[in-house]
Structures are given as C-alpha cells and as structure tokens.
Amino acid sequence: MIAAVAIWALVAAVLLNDPILYLNERALIEVPWWLLPMSLSLFVLDAFKNREPNTDRRSWLVEAVALIGVLLAPTLTWQFGFGLVLVGSAMSRLSAAQFFGARFAATIGSGVLRAGTVLSFLFALWVYLPELLARNHEFTWLNSTIAGAFRVLGFPAASGGLVHVTGPTEILAFATSWERLGAGPLFMIVCAFVVFGFHKRAPRVWFAKVAAISALFAVVRFLVLTALVADGIEIENFYVPVVTLGSFLPLAVCIGLLKVRVPLSPSTPLEPAPLVPAFGLGALLVGVALLTMGLSIDDPGVAKEGRILIDETHSGWEWTDEPLTTELYGNKTTYNYFCMAEFLRHYFPVVDRNYEKITDSRLEDYDVIILKTPTYVYSEEEVATLHRFVEGGGGIWTIGDHTDVFGSSTCLNQVLDRYGIEYVPDALEELPFHERQVYTPGPFRRHPTTAHMGDCLVATSCSLKIEPRVTASMVGHTMFADRASYSKFNYFGDHEMDNTEQFGQFVQGAAIESGKGRVSCFSDSTMLSNFTFYFPGKWELTVSSIDWLNHKNGNVAFLLGRIALFSLSLLALYFGLRRVLPAELIRSSTLPVAILVGLFGANLHADHCHSLPEPIKPYPTIEFERDHCDYLLPLDHETHTWDQTSFHSFFVWTQRLGQIPRVAHDLDSSLRGAVSVFIRPRKEFTEDEIGKIERYVQSGGHLVVLDETTPRETSTANQLLSPFGLALGTKKAEVADLSKSGLFSEGSELSLPSAHAIIGGEPIIVAKSGTPLASVVKHGAGKVVALGFARSFAVDRMGHVKALPRPYQIALSEIEYFLFEEVLELSPPVPSGSTRSLGQRLVAGSIPSDLHRDEPGSELRVSDPLRPND
C-alpha cells in the first residue's frame, strides 16, 4: 500500500512537469505510465482488504457540488484527480443502499476516493511549488555534512561553496542544490504520505518518522548519485525520468518497514453524522477559497495616459530607430526593436525615443520608460531619477539578456538593486536535448504581464535572482544555467551542464510594486527582435507588460474588495473550524477543491481586470493559416537555413512592407485579417470551411495560396482554388521571365526548379515558355492569388532572416513585395520607414540585372554589425 502512495506521487510529478522529471514528446516514451493504473489498483485492494466503506455524510454534499465545477478545469491532469474523488465519493456512499453489490462497490469506492484525494492534493500544491523552487537553488549549508559522508565512504572530500570529491582520475566539484536532493518529487511524496496518513487516521509519531526517513533518504540518494557521477556515470542521472522514478521507489520500502501500526478505520460502516458539520465544512471550503483568491489576485491599478519613452541613450543594441525596409538588408535590420516600437503606437498614444540624459524633467511627460539591453552604465543621478519616477507612479520595463552580454545585466542591476531583482550572468538552456525553450504558462496564478502569452518559443535568457517581496511573473521549467565564458564574443558557455551548474526551474520574469509605481523585468531580448516579434507570445508579452506598467498602484475599489475578501474568509474559517477539525477537512477531500475554486476566482478577476487591451488604432493583419497547411515557422523550435519547409523569411518580409503578420492556428482565426495565407495546404477542407473562405473573399478579404507538390504529397490547394476558377497544374521545371510581369527590366530571368503552372485567372508571373506561374482573380470585394512555386520561398532558397541576400534571393523578395504591395494593393498600417514605392526601388537600381550571379549585388545597401548569435 505504501508503494502505491509513492508511485502515485511520482507519476503525478511527471504529469505536472516536475523540473527534474522533465516532460516533452520524447521523454514521454521513458515514463512507465502503467504505474498509474497499477497504483490505483493497489489503493482499491487495500480498501477491499480492510473493508472500510465510508458513509460519512458530512462532506458528501459539499464534495459533490464543488467537484462538478472543478471538473471543468483546463487540463486533463487536473480533471483526473478530482474525477477520481467524485467517483470514489459516490461509490463509497453506496453501502447504505439496499441492492446487491452495494457494499462491494462502496469498498472499492473508498480506495478510489483515497487515491483521488492524494492526487488532488498534489495538483493543488503544485500550483505554488514551482515558484518556490525557482527562487533559490543553492543548499550550501549541507556541504560539510555531504563532504563528511563522502570521507566515511572512503572518498577524499572537502567542502566550501562546493563539495570537492577525489574521483578515480580527477578531483570533481559538485553543487549541493534542492534539485540534486530531489526536492520536487520528495516534497510531493511526503505530501502524499501526509494526506494518506490523515485518511488512515495515523498517529502523530507515524508522520514524524515519515518526515525523518524522507530527509535521510534524500541525503543518501544524493550521495549515491554523486558517487556514481564521480565514478564516470553521466550527470543526466540526476534528472532523467526513469532514474528518478527508480531512485525514489526505495523510499516507499523504507517507510513500509516502519514498526508502527497505523490504526485502520473500523470494518463496519460509520454512522451517518448530523447535517450541521456539513455546514461547517462548507464554511471552511468558502473560507479557504476566498483566502486563496485574495492572495492570488493582482491590483488592476489606476490607468495612466499611456505615454511611453524608449531609452536609446544607454543602448548600443536592439535599436528602435533602424527601419525595417525593402531597401536595407542585413543583421542590423532584423536584429532590432523597430517593429516593437511601431507596434506599440497602436495601443498607446505616445511612443517616443530618448537620446538625452535621464532627468526628472525628461521623464515628467511620460508614464512608462523602457530600458532595453543597455550597453552604457547609468550615472548615480540617473538611477536616483528612475527611482523617484517609480515612487511617483511611473513604470519601468527592463529587458536584459544572457550572460551579461555587452554589460546589459550589469547596467540594469544598477537600477534594480533597490527592488530586490538581479540579472544573473548565465544562459538558461533546455535540459532535454539542449533545444530552445518553449515557455508554457500554467493554468493558474498568471501574472498580468505574462497572462496572454500562451506557448512561446524563447531564444536564450538569463535567470533572475529575486527577493521574497518580488513576484516571479515568468518561471521556466526543465532548464539549466550555463555559466558564461568571457573568452567568447557573445559570452556563451559550452552549452553543456556540468556538476557545478544549477538545473531545474528558474525565474525569467519578475515584477514588483513600489510606492505608486511598478517595475517589470524580462530576461531575453532576442525574442522581441523584428524577426520573431509577431510570433505567438512575443507581442502579447510586450503589450501586457506596458499596459500593467501604465497603471498606478492604489485602486481604491480593489483595496476595499480585497479587505472584504479577507474579512469574509476569516469569518468563514472561524465558523468552520468551530465545527470541523482540520484533520476532518483533509479527510473530506475538500481542501484542494477549495484552493482550486479560489484560483478559478482569481482567473475570473484577472480576465476582467487584466485583459489584453484593445488597440486605440486598429490594424489589419496578414494571417498565416496553420491548421490545413504543412510548413515550418519557429514556433516550437528554431528553423535554420537548411529547413526546406520553413517560411520564416517569407513571414518576416511582410514586415518590410509595414504589414503585421500573425500565426493563425485554425481556419476561423485565419479569416480575421486583411489577407489569409495558405502555404502547402495538405489537410482536406469541409464544405462548410470552403463556404467560409468564399464569404471571406466576397466581403473584401484577400486569399493567397502558395503551393507545389512532389509525387509523394497530396495537395488540397485545388479545393481552395476551384471555387474561384483557379487550379494548380502539373509540375514543371521553369524559368520565370520577370520582365513580362513588369517586375524587372527586359531580359530579367529567374530559375524556378520545381514550379507548377497555374490554370485560370489573370497571369501576373509568367514562365519563359509563356506558362502562367502565378495568377490573380477578383472575387466580390476581395482577390485570390495562386502561386505555383512555393518551394522557392523556403529559407534554404530565400535565405535566412539575418543573412545578406544573394541576387536571386533579392528577386524572390521582390516577387513577395509585388504580390502584397502591387497585386493586393495593401497599404502599411504603420510607418515602415520606406520612402519609395516598388517602381522607384527598381529605377534606383537596387536589383541587379543578372539574377543568376551568386554574389551580393554591389548596388545593394547592407548593414551587418557584429551581434550575439542567439
């Protein structure tokens, strides 16, 4: 039975994406999921063996009402535990019924109820555990004990900031940390035993022995794994799922051998209790829920005018004043914040740049200042000015990056020291397979600055060290902190975790309210650059952060409401505790329900008070549909120049026209913009979907379809095109005569190795043989464009977003500009910085006439300063 509790807790740790038991698509294969039903069966067998059905009516009504609502929780893992509680509660009340098998069902229900109670408690506690683990990793006070234990085992060892152990061939240094002690799984196992003990009415000495054995086991486990690493075993054994599961199972055996008899419930059914305690239990549920909600809600503040100042004086990096145009290419054009600055103008009335010293008079006309990737230190007077700005009601958004690159962390820490926030000079990388981090916010306790992000691909951030008064607005899972190497230009380390580096969960975003103002910090500058800004999560983080900072603290209605919440919660707790003991509250399975009800209430409050603001200047978008299409964008991993189906550059190049591209994960979302783009459509369309697309074009939307197929692929492009009199023809190896479309001067040709003919419509790009390769049809108020050489726009041919384009890549870029700017006649919703039309660009000679040359054109303006390679 004890083993079942341990297995239940360990598998729950995997389900909840523990920092040590990392969870992704490849790691799932390693997790023995069969342990979950096996442990559930052990709970049931234990209940059947001891014949302990429960007819206690004190909690049944409360559980039934509350749990039905909780089953609407956003994830299956949450639903699973509480579903078991609901089913087990119902079954365990059947013993009073007068029909065959009721007693048997009630006995099984008792075991299911206990299993669900354990799992539900773990899920409720997990809401708070990640932030606690992320705040502090070091556990150095145990170093002398660890070193002494190694000496007893025969390993020469010494302690200090690290534990140094002499191995067979070298002296190894180890960091003692919560993660290496297995704090996450250990905490969950201990909590599971505590809940289990309350359900079994165990004596207090049993709980004390469980705690002592668990603490001793954590130390012994650390010693064994460290000794194995010192003997040459890979350090990954500290966090891979199979090893972690196996290494903690002996803890169940140790607790199972305790010479303590746990008194079991009577073998006969309990007498039904009077209904009065049910009201007491309900009062406790309400009290805990209100208290949880009161502690989890954030002050919406008082809105300010929305005047934003971006500091350029101290930043020689991530410029906002270098326009992204169709004329200037290179790293500097995409590795900057021009798009972010221009986009903010849609949500805030004033967005200015600062090129002066930061003074009180300079800031008096602004509500928020953005301090981005500073490379020049702030003077003491400027730091004092910024502090006065915050205390008076201003907001500061700081954007740093990994490894203190170019001194950005050092400069920002000058300002943040007063607020208990520190940028750490490290680089956070994913533990599993060293891939890019995909940040996934949890369903509860989302800070307003990150509440609307969703899944978001991060480049490389640093970690933040924060004091208890600071809120962790963003916590990254399954990471390790790679030490900086200042012998390298970009300060990256070796991208490998060693024995002295920390791993687990780390704070990547932080926020604090101080005086009347607010400070928010973010730790990855790269993902806000032009080449990723409009991908999911990035622009939402930017707008939400500025919106939160654009509020003063001290919303009177919120303060009065919070006082009322706390007062009601204390009153309900007082009333409930006079009638129900805390142990009975845990046994009734309602405590995790109460916590989750409070968290749901906090979510509703956040949705109402911290919703994504509406733009003050509405803007059209170009929507890239993903549900029916088969192509890559850097959404869950970075795409590279060899990715044959990555259309990263094609996506970003629309920004050079001043357009705003978006990723649409479903068809309905793709039809909300001015243009809906379908690249390599492969999924079948229903008649209803085709009808929606027709109505979209009829009412003024534009449809762009790019495709070409191989013999192994089946395209659904013709389903899209046929209602408009267009079709994708057979495959050809063509050379486009660009002069026939008016794109280039006479004789300009471009090789298209696998182009398809387009049947129907008005040709806009024609092959040298006369075959149409792209056509347009006007339908109602909108247009449909079909293009038969999509493969040419993949990054392996079109070029990477940060690379200097070759002449044929410039030609492909000009074709894209031609489609959106000339054929669809889109006008930019924001100033793009470009001062010339397409025809003027061609007259200026920015396109070489020889498109087959493999060298950059001499007439092309480029800018390519050295920048970090994120």
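Note that this is a predicted model, so its numbers are computed, not measured.
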So do S214 and V210 actually touch side chain to side chain, heavy atoms under 4.5 Å?
yes
State which residues pass ring-ring contact (aromatic ring centres under 6.0 Å, His included) with F139; sequence neighbours excluded, sorted by chain then number.
W141, W178
Within the 4.5 Å heavy-atom criterion, are I546 and W397 side-chain neighbours or not?
yes
Which is it for V390 and I396 under the side chain to side chain contact (heavy atoms under 4.5 Å, CB included) test, yes or no, and what are the steps along the way?
CA-CA 7 Å; V390 172; I396 297 178; 3.4 Å; yes
List in chain and number order the residues that pass side chain to side chain donor-acceptor pair (under 3.5 Å) with D417, two or more places apart in sequence or in another chain; answer none if no residue qualifies.
none
Start with the C-alpha gap between Q502 and R180, add the side-chain angles, then the distance that decides, and say whether side chain to side chain contact (heavy atoms under 4.5 Å, CB included) holds.
CA-CA 9 Å; Q502 304 291 356; R180 284 178 169 81; 4.0 Å; yes
Would you say the side-chain atoms of T398 and Y423 include a donor-acceptor pair closer than 3.5 Å?
yes
How close do P130 and V475 get, counting heavy atoms only, and between which atoms?
O-CG1, 4.2 Å
Any idea which heavy atoms bring N555 and G301 closest together, and the distance?
ND2-O, 3.0 Å
Please report the shortest heavy-atom distance between P613 and V543, naming the atom on each side.
CG-CG1, 3.5 Å
Using a 4.5 Å cut-off on heavy atoms from C-beta on, say whether the side chain of Y419 contacts that of S514.
yes
Can you confirm whether K552 sits close enough to K304 that some side-chain heavy atom of one is under 4.5 Å from a side-chain heavy atom of the other?
yes
Verify ring pair (Phe, Tyr, Trp, His ring centres under 6.0 Å) between H137 and F506, making sure each step is shown before the conclusion.
CA-CA 9 Å; H137 296 267; F506 293 88; 4.2 Å; yes
Taking it one step at a time, do L565 and M293 satisfy side chain to side chain contact (heavy atoms under 4.5 Å, CB included)?
CA-CA 8 Å; L565 273 178; M293 181 178 175; 4.3 Å; yes
Heavy-atom closest pair, residues T471 and I466:
C-CD1, 4.4 Å
Are any side-chain N or O atoms of D367 and backbone N or O atoms of G394, one a donor and one an acceptor, separated by less than 3.5 Å?
no
Residue pairs meeting side chain to side chain donor-acceptor pair (under 3.5 Å), one or both in residues 592-612, sequence neighbours left out, come to none
Say whether, by atom type as modelled, one donor and one acceptor occur between the side chain of R562 and the main chain of G294 under 3.5 angstrom.
yes
Set of side chain to side chain contact (heavy atoms under 4.5 Å, CB included) partners for L568, sequence neighbours left out:
L290
Please name all residues satisfying ring-ring contact (aromatic ring centres under 6.0 Å, His included) with H452, sequence neighbours left out, ordered by chain then number.
none
Under a 4.5 Å cut-off applied to non-hydrogen side-chain atoms, are M479 and Q437 in contact?
yes
Between T450 and S473 (side chain of the first, backbone of the second, donor and acceptor by atom type, cut-off under 3.5 Å), is there such a pair?
yes
When rounded to the nearest 0.5 Å, the distance separating CE of M453 from CZ of R446 is 9.5 Å
Test item: L599 and L596 side chains (from C-beta on) under 4.5 Å apart, heavy atoms
yes
First locate atom CZ of F558, then atom CG of D299, and finally report the distance between them rounded to the nearest 0.5 Å.
5.0 Å
Distance, nearest 0.5 Å, that separates CG of D547 from CD of E614
11.0 Å
In chain order, what residues pass the side chain to side chain donor-acceptor pair (under 3.5 Å) check against S461, with sequence neighbours excluded?
Q508
Closest non-hydrogen atom pair, P448 against S544
O-CB, 3.5 Å
To the nearest 0.5 Å, what is the distance between OG1 on T292 and CD1 on I595?
5.5 Å
Less than 6.0 angstrom from the centroid, inside 45 degrees of the normal: does R579 satisfy that with respect to the ring of F575?
yes
Less than 4.5 Å apart, any side-chain heavy atom of L577 and any of L284?
yes
Checking side chain to side chain contact (heavy atoms under 4.5 Å, CB included) for the pair L295/Y128: CA distance, chi angles, key distance, verdict?
CA-CA 12 Å; L295 294 173; Y128 301 92; over 6 Å; no
Looking at E467, is its backbone amide N or carbonyl O close enough to the side chain of R135 to form a donor-acceptor pair, meaning the two atoms are under 3.5 Å apart?
yes
Considering all heavy atoms, the nearest G515-E391 contact
CA-OE1, 3.4 Å
To the nearest 0.5 Å, what is the distance between CG (D298) and CD (E513)?
7.0 Å
Going from SG on C521 to CG on L416, what distance comes out if it is rounded to the nearest 0.5 angstrom?
4.5 Å
Report yes if the side chains of I512 and R469 come closer than 4.5 Å at any heavy-atom pair, otherwise no.
yes
